[in-house]
Amino acid sequence: MMRRQDLLEHGQKLGLTNNVDQYDIAIVGGGMVGMALACALSSMPLTKQLNVAIIDSNPALGRVDGIKKGELPDPRVSAITPATISLFKDVGAWQYVQEHRHAIFENMQVWDYTGVGYTRYNARDLGKEILGCVVENKVLHSSLLSCLKDKDFCKTIYPSRLTSMDLMSRTTAKEMDGTSAGTTSYNRGSLAKLDLSDGNSIYAKLVVGADGGKSRVRELARIKTTGWNYSQNAVICTVEHTDENQCAWQRFLLSGPIALLPLGDKFSNIVWTMSPTEASDRKSMSEDNFVREVNRALDDGYGPRPQSSVLGNDEKFSWEVPPKVVKVVSERMMFPLSLMHANNYASNHVVLIGDAAHTVHPLAGQGVNLGYGDAIALSKIIADGIAVGSEIGEMDLVYMQLSLLKKFEAERKTANILMMAILDGFQKAYSIDLGPLNILRAAAFNAVQNIAPLKKNIVSYATGEQKWPLFS
């Protein structure tokens, strides 16, 4: 069977209409995580010969004009870790990120509304080059698309949606292509059949669900989830300062954290968590009032500023007032927050990555980084399987622990659940205003500020350089 090459332009599937095609891997969801997986597969010797389909109705996958210079920043951004930056460099996408606005930050200040909880991170003091980089999601996505377009890689993009998914019981090439010369037989469960909204059907050995928190793949695979809503919404937007912001700031308020993340060119991104009622009010209030509320939340509103006399650490005290916001330059967007975790990441022919497998609270900006971790881990597991001659997509029901997909699940579940538990714990700890608990929280902050090995350990974990947030 001839393999089709290249991205399909302007929503047209060259030579695919009313045809049936077979692939090694079908990636459902061509967003940031799905495209990262495709780029990772295209970059490794053992996987770059695979035939891959990408299914996503997002028009951005068919555009070739890219991002226009001089555009105002989009409010949807990601704070990516050094580990994620390494992934982008390894697959060849980082060079495209560097062509657009992004902000590498070396400093981060975290404090709370009580005036006694405070810590500050400096990359150089901790033996790091950087702490992270804030990039618009559209820049990350466009960079991955540009990277994939440059690869000599067998990929076909279907600008469509997945409507149904079934395992083949038994079929022949005759049944697949409608001819009378079918001779190839496929055993039960050897392929998954995917029906698309445009009437096409494709077959794949492995289906990767990278289609977000409302994953159709997860639904069709009947994989159950565990989770809960936080009764909180996040308001996000892009703001402007008089001078460039070069630090990441986060203040924990009783209603939820507010973060001010640098974007470069005097722009920053606001991620403000609060109750749904407060979020609705702040989304609709006038710009002047919203700017005033943001500056209060990032300074001495809702509680006092940290004071060295209170913290008793004059030598290490370096708290700063964040730069004042002077203008909102994007729409204010609002979305509900929840925690969700798939009970299984893998079943026969199906594996979940990114938000299809887990969604977390945004207070530490770890969501997309966990997804990128899934993508690189899955690509390596697939490469390892090819190296030993394993069949992609097969789940051995008797020796499940030996399956490629279960190896991926075991690795990523542990890492993701640990991070989810930490973030959920932070969220719950700051949902209660109680004197003794406030003191304990402040003590934890100050311990991080004053115990250098502990601070370095936490940063190594948060930036993806270390697997466990504990001393080894």
Side-chain angles (χ1 to χ4, degrees), residues 30-33 35-36 39 58-61 63-109 123 129-150 234-250 258-272 287 291 294 298 322-333 362 364-369 371-372 463-464:
M32 294 187 292
V33 173
M35 294 306 299
C39 287
N58 185 349
L61 272 69
R63 287 200 294 263
V64 296
D65 53 348
I67 298 172
K68 296 179 182 178
K69 298 288 186 181
E71 286 183 331
L72 289 173
D74 191 272
R76 289 161 292 200
V77 308
S78 295
I80 58 175
T81 63
T84 294
I85 293 173
S86 294
L87 164 62
F88 272 67
K89 289 180 178 179
D90 290 344
V91 303
W94 187 245
Q95 60 180 316
Y96 299 104
V97 173
Q98 292 180 304
E99 294 175 0
H100 301 283
R101 179 173 39 232
H102 63 286
I104 289 175
F105 59 94
E106 301 175 2
N107 296 285
M108 183 174 185
Q109 178 174 285
E129 293 184 3
I130 65 171
L131 295 181
C133 182
V134 183
V135 193
E136 294 163 67
N137 289 352
K138 67 180 183 181
V139 170
L140 293 172
H141 191 236
S142 175
S143 298
L144 291 165
L145 275 171
S146 297
C147 171
L148 192 62
K149 186 177 180 181
D150 292 342
V235 174
I236 65 171
C237 62
T238 304
V239 297
E240 189 173 0
H241 312 281
T242 54
D243 297 304
E244 186 170 353
N245 174 30
Q246 298 180 332
C247 179
W249 314 80
Q250 185 169 49
I258 181 171
L260 181 74
L261 306 174
L263 273 173
D265 298 336
K266 299 182 181 180
F267 296 114
S268 290
N269 183 258
I270 292 285
V271 183
W272 193 355
E287 179 181 332
V291 168
V294 166
L298 288 167
K324 296 296 182 185
V325 173
V326 296
K327 186 178 180 182
V328 179
V329 296
S330 76
E331 66 171 314
R332 279 167 267 171
M333 304 178 71
Q366 288 294 328
V368 74
N369 292 297
Y372 286 136
T463 56

Chemist: Does the ring centre of Tyr96 sit less than 6.0 Å away from the ring centre of Phe88?
Modeler: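 Ring centroids of Phe88 and Tyr96 are no less than 6.0 Å from each other.
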
Chemist: Locate the shortest heavy-atom distance separating Val134 from Pro262; write the atom from each residue and the value.
Modeler: CB-O, 3.1 Å

Chemist: Any chance you could lay out the side-chain contact (heavy atoms from CB on, under 4.5 Å) test for Glu129 and Glu106, step after step, and finish with the verdict?
Modeler: CA-CA 7 Å; Glu129 293 184 3; Glu106 301 175 2; over 6 Å; no

Chemist: Could you check whether atom NZ of Lys324 has more than 12 heavy atoms from other residues, nucleotides or ligands sitting under 6.0 Å from it?
Modeler: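 Above 12, so yes.
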
Chemist: My understanding is that only residues two or more places apart in sequence, or in another chain, count here; which of them pass salt bridge (Lys or Arg N to Asp or Glu O under 4.0 Å) with Arg101?
Modeler: Glu136, Asp265

Chemist: Minimum heavy-atom separation for Pro82 to Ile130, with atom names?
Modeler: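 That closest heavy-atom pairing would be CG-O, 4.0 Å.
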
Chemist: Any chance you could measure Met35, atom CE, to Ser143, atom OG, to the nearest 0.5 Å?
Modeler: 11.0 Å

Chemist: Mark yes or no for whether His102, through its side chain, and His100, through its backbone, hold a donor-acceptor pair below 3.5 Å.
Modeler: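 Yes; judged by distance alone, with no hydrogens or angles, the pair exists.
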
Chemist: Going from CD on Gln95 to CG on Asp150, what distance comes out if it is rounded to the nearest 0.5 angstrom?
Modeler: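 Spacing of CD (Gln95) from CG (Asp150) equals 7.5 Å.
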
Chemist: Go through Trp94 and Asp90 one step at a time and tell me if the side-chain hydrogen bond (donor to acceptor under 3.5 Å, both in side chains) criterion holds.
Modeler: CA-CA 8 Å; Trp94 187 245; Asp90 290 344; over 6 Å; no

Chemist: Can you check whether Ile85 reaches Cys133 side chain to side chain, under 4.5 Å on heavy atoms?
Modeler: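 Heavy-atom side-chain distance check passes, below 4.5 Å.
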
Chemist: As an exercise, state the distance from CG of Leu87 to OH of Tyr372, rounded to the nearest 0.5 Å.
Modeler: 7.5 Å

Chemist: Testing the basics here: between Gly92 and Cys147, what is the closest heavy-atom pair and its distance to 0.1 Å?
Modeler: C-SG, 3.8 Å

Chemist: Hey, does the side chain of Lys266 reach the backbone of Asp243 with a donor-acceptor pair shorter than 3.5 angstrom?
Modeler: no

Chemist: For Ser78, run the side chain to side chain donor-acceptor pair (under 3.5 Å) check against Asn137, Thr84, Asn369 and tell me which one passes.
Modeler: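 For Ser78, the side chain to side chain donor-acceptor pair (under 3.5 Å) check succeeds only for Asn137.
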
Chemist: What distance do Arg332 atom CZ and Ile270 atom CD1 have between them, rounded to the nearest 0.5 Å?
Modeler: 11.5 Å

Chemist: Just wondering, do Thr238 and Leu263 contact through their side chains at under 4.5 Å, heavy atoms?
Modeler: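 The answer is yes, as the side chains (C-beta and beyond) meet within the 4.5 Å cut-off.
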
Chemist: Any side-chain heavy-atom pair from Ile236 and Pro362 closer than 4.5 angstrom?
Modeler: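 Side-chain contact under 4.5 Å: no.
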
Chemist: So, do Val97 and Val135 sit near enough that their side-chain heavy atoms are less than 4.5 Å apart?
Modeler: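 Yes; the side chains approach each other to less than 4.5 Å.
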
Chemist: Can you sort out the partners of Glu71 under side chain to side chain donor-acceptor pair (under 3.5 Å), two or more places apart, ordered by chain and number?
Modeler: Lys138

Chemist: Let's go through Gln109 and Gln250 carefully: what are the C-alpha distance in whole Å and the side-chain angles of both, what is the deciding distance for side-chain contact (heavy atoms from CB on, under 4.5 Å) to 0.1 Å, and is it a yes or a no?
Modeler: CA-CA 6 Å; Gln109 178 174 285; Gln250 185 169 49; over 6 Å; no

Chemist: Short question: side chain of Asn269, backbone of Cys237 - any donor-acceptor pair under 3.5 Å?
Modeler: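 Confirmed, Asn269 side chain pairs with Cys237 backbone.
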
Chemist: Between OG of Ser330 and CG of Leu72, what distance do you get to the nearest 0.5 Å?
Modeler: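 Here the rounded value is 8.5 Å.
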
Chemist: Quick one: CD on Gln366 to OG1 on Thr81, what's the gap to the nearest 0.5 Å?
Modeler: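 Here the rounded value is 6.5 Å.
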
Chemist: side-chain contact (heavy atoms from CB on, under 4.5 Å), that's the test. Do Val235 and Met333 meet it? Break it down for me.
Modeler: CA-CA 6 Å; Val235 174; Met333 304 178 71; over 6 Å; no

Chemist: Might you work through the side-chain contact (heavy atoms from CB on, under 4.5 Å) test for His141 and Leu61, ending with a clear yes or no?
Modeler: CA-CA 9 Å; His141 191 236; Leu61 272 69; 3.5 Å; yes

Chemist: What is the minimum heavy-atom distance between Leu145 and Ala60, and which atoms define it?
Modeler: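 Shortest heavy-atom separation between Leu145 and Ala60 comes out as CD1-O, 3.6 Å.
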
